[in-house]
Number of protein chains: 2
Amino acid sequence: MAKERVTVIDIARAAGVSKSTVSLVLQGSSLVNEATRAKVNAVIRDLGYVYNRSAANLRQAKSKIIGIVVNDLTNSFFAELAVGVDAVVQSAGFVQFLANTGEKSERQREVIASMREHGVSGLIISPARGTEAADLAPLVESGIPVVLVVRDIAGAGVSSLISDNRAGALAAVRHLIARGHRRIAFLGGFADTAVFEARVRGYRDALREAGLNAGDDLVIGSAPSRAGGVTAIEQAMMLEDRPTAALCFNDAVAFGVCDGLRARRLEPGADFAVIGFDDVIEAKTAVPALTTVSVDPQGMGERAAELLLKQIKAGRAEPEAIVSPVRLVVRQSCGAAVERRVKEVSS
Amino acid sequence: MAKERVTVIDIARAAGVSKSTVSLVLQGSSLVNEATRAKVNAVIRDLGYVYNRSAANLRQAKSKIIGIVVNDLTNSFFAELAVGVDAVVQSAGFVQFLANTGEKSERQREVIASMREHGVSGLIISPARGTEAADLAPLVESGIPVVLVVRDIAGAGVSSLISDNRAGALAAVRHLIARGHRRIAFLGGFADTAVFEARVRGYRDALREAGLNAGDDLVIGSAPSRAGGVTAIEQAMMLEDRPTAALCFNDAVAFGVCDGLRARRLEPGADFAVIGFDDVIEAKTAVPALTTVSVDPQGMGERAAELLLKQIKAGRAEPEAIVSPVRLVVRQSCGAAVERRVKEVSS
DNA sequence: TGACGAGATTGGAACGTTCCAATTATTAAG
DNA sequence: CTTAATAATTGGAACGTTCCAATCTCGTCA
């Protein structure tokens with residue numbers, strides 16, 4: 001019993017007006033008389049009419065859809081980013097296509113193509129690892145607004161919104177140094193990403209300005225996940241001159257580092273200072289509460305969406321590169337002061 | 001420089017065929033000659049043609065879009081569910097609208113309406129708290145396939161895919177009993193949901209069959225979140241006859257319970273047994289690794305998507321109510337055996 | 001009274017595709 | 001050589017909306 005579709009014409013007939021008038025009330029035009037508007041609306045309700053956006057899109061060549069493509073929805077960071085986007089996009093009357101690439105650039109190509117076919121009027125992309133400007137070229141040439149988020153791509157010629165990774169890392173490491181740490185590691189993350197590079201740069205700058213040497217043995221890459229954190233800290237603890245603190249690539253890694261520490265009977269916060277990056281939701285409720293560089297992923301999603309909507313409204317806008325400030329949130333995982341770091345349990 | 005849209009007609013002209021032929025190759029029809037197909041495809045590439053799905057949808061009154069609405073994307077359970085759906089839906093050539101309701105049924109109404117306007121050909125819904133059959137009635141009457149997931153709604157007349165909550169709880173509590181626990185709490189969750197009800201039922205049944213009484217003071221509701229877990233365990237520890245173990249409403253609550261225990265200097269797994277529900281990704285890497293009832297959210301998403309696609313393909317299908325089996329995954333958080341539960345530190 | 005303008009309403013064309021029935025070209029059978 | 005069958009191709013209508021220009025109905029003013 002797939003019922004007949006009821007169209008604007010049916011409404012028109014039932015209300016005794018023309019389809020144009022119905023269209024007008026659908027768009028809330030001020031041209032139509034109050035009485036007819038009321039009647040039309042009544043009929044719309046009665047007949048259970050549902051607006052056909054495909055038809056509208058076809059006619060006016062623009063949709064109320066935006067696309068968002070993320071790398072790994074399973075990572076809270078991206079999930080929060082997506083809900084931030086969803087919130088503002090929804091209240092602007094848009095709906096979002098969400099796709100997950102799992103860092104596969106092949107998939108990324110496919111989903112972007114598919115979204116274009118569906119006529120999205122803008123795209124928020126957190127580029128998969130290894131994405132190059134050339135990959136995005138056809139997209140940006142088509143003139144549809146794009147904002148890159150989390151990771152910027154040099155020469156892509158589109159807006160971007162990334163967090164101030166260098167400054168965040170700098171602040172975090174300064175904090176550790178102020179607490180008396182001298183052997184500070186940088187753990188986790190893929191070394192071939194711009195984000196990694198920026199965070200390590202902040203880390204190195206902080207060490208340098210304190211006159212500490214930033215030996216390469218202390219920066220240890222890994223997958224940017226909890227499991228990656230475990231392996232990274234294990235590797236760090238194999239070093240003969242072990243670190244006493246670490247700045248982690250992100251919170252997921254930091255949690256993994258905490259797990260790895262506990263597996264060696266070291267208590268994060270007391271025996272070893274760890275600082276994360278992102279300030280994911282569970283950072284504040286974890287035990288110990290994670291000291292981390294807050295990038296406010298949800299807020300970032302909101303800002304990205306606002307930027308995109310602005311560009312959609314403006315038609316053609318100059319690309320802007322926004323770097324979003326970050327702030328160190330000191331909680332427990334970085335320990336109180338270095339004096340407390342007395343117990344050194346070896347496993 | 002928003003370039004002119006290139007249409008099927010432009011392709012046709014450039015390739016020296018008719019638009020009908022182009023349409024045919026677009027659909028991969030076997031009717032068209034190999035040579036012309038090749039030529040057309042070449043032209044398509046050259047001109048940078050992008051298919052206009054709005055137009056196609058309009059004509060054939062069906063889209064390659066499915067919608068998924070979840071309650072809280074920030075909860076890994078739902079994020080994983082969405083990833084599972086995305087995976088199968090993507091490889092079937094569909095794309096997904098994802099919307100977050102935040103448990104607000106008002107929002108849910110809006111997003112469902114919006115998705116209908118966009119002509120989704122199916123919907124996967126994890127109903128917001130308090131959703132009733134009547135809320136879904138207009139949707140199901142329209143004949144578009146719907147599968148309810150996670151939470152079923154009596155009398156909705158659509159397919160559903162939920163996990164076997166009673167059996168999971170039963171297995172978990174039996175396990176705790178077998179380990180010697182006698183005072184077992186049920187922590188977290190909103191008491192007015194069907195899922196809560198089913199899990200508590202399993203919990204009570206297990207206690208009853210062991211001849212233990214299931215006093216109401218031991219089932220303590222809370223928000224189904226990490227923070228909720230903290231408050232629930234706090235409340236449980238105020239009891240004069242304290243529990244020694246708990247089955248938690250979900251993994252988020254279980255992690256919160258662990259946090260709360262540690263805040264009281266109790267080590268989860270050693271001093272108090274905790275079992276979660278869901279088997280979220282971080283369950284296995286957490287310390288202690290969380291014993292939990294695995295519902296495999298990603299797999300559940302995949303199955304839901306498959307079920308939905310099947311119904312879409314079949315046109316009109318009988319609603320099926322699938323209950324997905326679950327399995328207790330024993331890790332560390334439930335402790336070894338009750339004998340180890342010696343230390344009782346009061347705070 | 002006639003002209004005018006504002007307010008409401010309207011019919012038809014257009015958007016880019018798919019589908020249908022019809023046509024042409026090609027091959028096989030008699 | 002004709003006819004039938006098959007393989008390829010095609011033009012036009014249709015999908016449900018929006019936009020444009022045109023029309024109609026008033027009331028007002030000279």
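None of the values given here were measured: they were computed from a predicted structure. Only this structure's heavy atoms are used, side chains among them; waters, hydrogens and symmetry mates stay out. The chains referred to below are lettered A, B, ... by the order of the sequence lines, with proteins before strands, and numbering in each begins at 1.
Using a 4.0 Å cut-off between charged nitrogen and carboxylate oxygen, B:Glu34 and B:Arg37 count as a salt-bridge pair.
The backbone N or O of B:Ser63 lies less than 3.5 Å from a partner atom in the side chain of B:Ser121, making a donor-acceptor pair.
The distance from atom CD of A:Glu34 to atom P of C:dA8 is 9 Å, rounded to the nearest whole Å. When the P atom of D:dT10 is taken as reference, atom CZ of B:Arg13 falls 14 Å away, rounded to whole Å.
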Review item, nucleotides 22-26 of chain C N/O atoms under 3.5 Å of protein N/O:
none

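Inter-residue side-chain proximity for A:Asn100 and A:Val70 is flagged as met; some heavy-atom pair is nearer than 4.5 Å.
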Next item on the list: List the protein contact pattern of nucleotides 14-26 of chain D with one symbol per nucleotide (5' to 3'): B for base contact, S for sugar-phosphate-only contact, - for none; contact means a heavy-atom distance under 4.0 Å.
Entry: BBBBBB-------
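Residues B:Arg303 and B:Ser324 bring a donor and an acceptor atom of their side chains to less than 3.5 Å of each other.
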Next item on the list: Quick one: do B:Glu103 and B:Arg151 satisfy salt bridge (Lys or Arg N to Asp or Glu O under 4.0 Å)? Show the steps, please.
Entry: CA-CA 12 Å; B:Glu103 300 280 9; B:Arg151 310 175 187 171; 2.9 Å; yes
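Qualifying side chain to side chain contact (heavy atoms under 4.5 Å, CB included) partners for B:Ala87, counting only residues two or more places apart in sequence or in other chains: none. The side chain to side chain contact (heavy atoms under 4.5 Å, CB included) check on B:Glu110 picks up B:Glu106, B:Arg107, with sequence neighbours excluded. For A:Arg59, there are no side chain to side chain contact (heavy atoms under 4.5 Å, CB included) partners two or more places apart in sequence or in a different chain.
When every heavy atom of A:Ala14 is checked against every heavy atom of A:Val43, the shortest pair comes out as CB-CG1, 3.7 Å. Across B:Ser23 and B:Val8, no two heavy atoms sit closer than the pair N-CG2, 4.4 Å.
Remark on the helix from C:dT1-D:dA30 to C:dG30-D:dC1: inter-end axis angle 60°, axes from five-pair C1' superpositions, rounded to 10°.
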